[in-house]
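Labels below follow one simple rule: chain letters A, B, ... track the order of the sequence lines, proteins then strands, and each chain is numbered from 1.
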Amino acid sequence: MDRIPILKIGETLLVTIQVDFHDRVALALLEDLSEKIVNFSSKGLLIDISALEMVDSFMGRILGNIAKTSRLLDCHCVLVGMQPAIAITITELGITLSGIHTALTAEDGLALLNKLVNAKKNGKPSAKKQEAKWR
Amino acid sequence: MAPVLLVTQDLRTEDDLVHMRAAVKMHASDLGFSSLNQTKIMTAASELGRNTIEHGLGGLVIIEHLREPERNGIRLTFKDEGPGIHDHALALSDGYTSKKGLGLGLSGSKRLMDEFDLISPPGTVITVVKWM
Ligand SMILES: Nc1ncnc2c1ncn2[C@@H]1O[C@H](COP(=O)(O)OP(=O)(O)OP(=O)(O)O)[C@@H](O)[C@H]1O
Ligand SMILES: [Mg+2]
């Protein structure tokens with residue numbers, strides 16, 4: 001069975017969805033990602049869907065589940081590169097993808113991930129104490 | 001003018017669903033649909049094709065080119081001999097699912113296409129049309 005490759009860059013995981021794929025491949029992606037997030041203690045996940053030609057309710061559900069699952073595993077997820085035609089179509093279809101962070105480009109997505117991850121680090125009292133000690 | 005049959009394809013496996021989406025995309029693009037409409041047609045086809053496989057226990061899809069003096073269109077017919085849809089209004093309401101879906105497939109594909117027709121039971125025949 002085909003699998004969608006997952007790249008690890010520092011604390012971030014990067015997935016580029018290139019072609020149309022089977023439902024089973026999408027389900028495998030959810031599993032693979034959860035495993036990698038835990039194994040690498042990844043704090044951010046960037047999913048690039050710029051090459052995707054359509055998102056139906058099944059795919060929408062998988063994307064939503066990936067975002068929710070990664071949040072439970074202490075990892076932020078940002079979806080980048082959605083084509084305008086897909087945004088219009090899924091809205092008409094009725095998928096909300098509420099609660100999913102999005103950015104137009106991979107660059108913007110990485111910037112957003114940094115902000116999300118750092119906001120959390122700075123917000124933690126223990127992390128602040130550590131910082132203070134080191135100064 | 002009579003409709004032109006573009007392709008008939010079985011819908012039984014996930015492979016069939018992927019092939020069907022590619023075929024729909026190719027024909028919609030050949031007929032000259034805008035890329036937005038290609039995306040809408042492909043998405044509706046994916047929803048209805050998945051229903052044929054999941055709920056209808058497999059069936060087939062017919063893709064046709066509709067020719068009228070003033071307009072051209074694409075017609076997709078999804079047929080299966082499964083359990084059928086007994087309460088049309090319920091099945092077509094947003095969020096209704098007999099399994100664990102989002103329940104947007106039928107209602108959503110109706111919104112994405114220009115015409116939507118459901119004949120069932122016995123079996124299920126769903127016909128959708130998009131005009132150019
Ligand atoms: N071909 C079919 N044969 C029998 N029942 C069907 C068929 N297509 C749809 N239905 C019934 O209509 C209901 C609504 O279909 P719809 O596609 O809107 O939602 P779903 O398939 O349950 O979820 P989703 O498509 O969001 O994953 C289904 O749950 C099923 O009970
Ligand atoms: Mg469905």
Can you tell me which portion of [X] sits under 4.5 Å from chain A's heavy atoms? Options are side chain, backbone, both or neither.
| X | result |
| --- | --- |
| B:Asn37 | neither |
| B:Ser107 | neither |
| B:Lys110 | neither |

More than 12 heavy atoms from other groups under 6.0 Å of [atom1] on [X]:
| X | atom1 | result |
| --- | --- | --- |
| A:Leu104 | CG | no |
| A:Lys115 | NZ | no |
| A:Lys43 | NZ | yes |
| B:Gln9 | CD | yes |
| B:Glu14 | CD | yes |
| A:Glu107 | CD | no |

For A:Ala85 against B:Ser35, the heavy-atom pair lying closest together: CB-O, 4.4 Å
Taking all heavy atoms of A:Arg61 and all of B:Leu102, pick out the closest pair and write down the distance. NH1-N, 3.6 Å
How many angstroms lie between atom [atom1] of [X] and atom [atom2] of [Y], to the nearest 0.5 angstrom?
| X | Y | atom1 | atom2 | answer |
| --- | --- | --- | --- | --- |
| A:Phe58 | B:Leu104 | CZ | CG | 14.5 Å |
| B:Arg111 | A:Thr89 | CZ | OG1 | 12.0 Å |
| A:Leu93 | B:Thr39 | CG | OG1 | 12.5 Å |
| B:Arg21 | A:Asp56 | CZ | CG | 6.0 Å |
| A:Met54 | B:Lys40 | CE | NZ | 15.5 Å |
| A:Ile88 | B:Thr43 | CD1 | OG1 | 11.5 Å |

Verify the cluster assignment for [X] and [Y]: are they in a single hydrophobic cluster under the rule of side-chain heavy atoms below 4.5 Å apart?
| X | Y | value |
| --- | --- | --- |
| A:Leu79 | A:Leu13 | yes |
| A:Met59 | A:Leu46 | no |
| B:Ile62 | B:Phe116 | no |

Counting only non-hydrogen atoms closer than 4.5 Å, does A:Ile90 touch chain B with its backbone (N, CA, C, O), its side chain (CB onward), both, or neither? neither
Donor-acceptor contact below 3.5 Å, side chain B:Glu47 vs main chain A:Ser57: yes
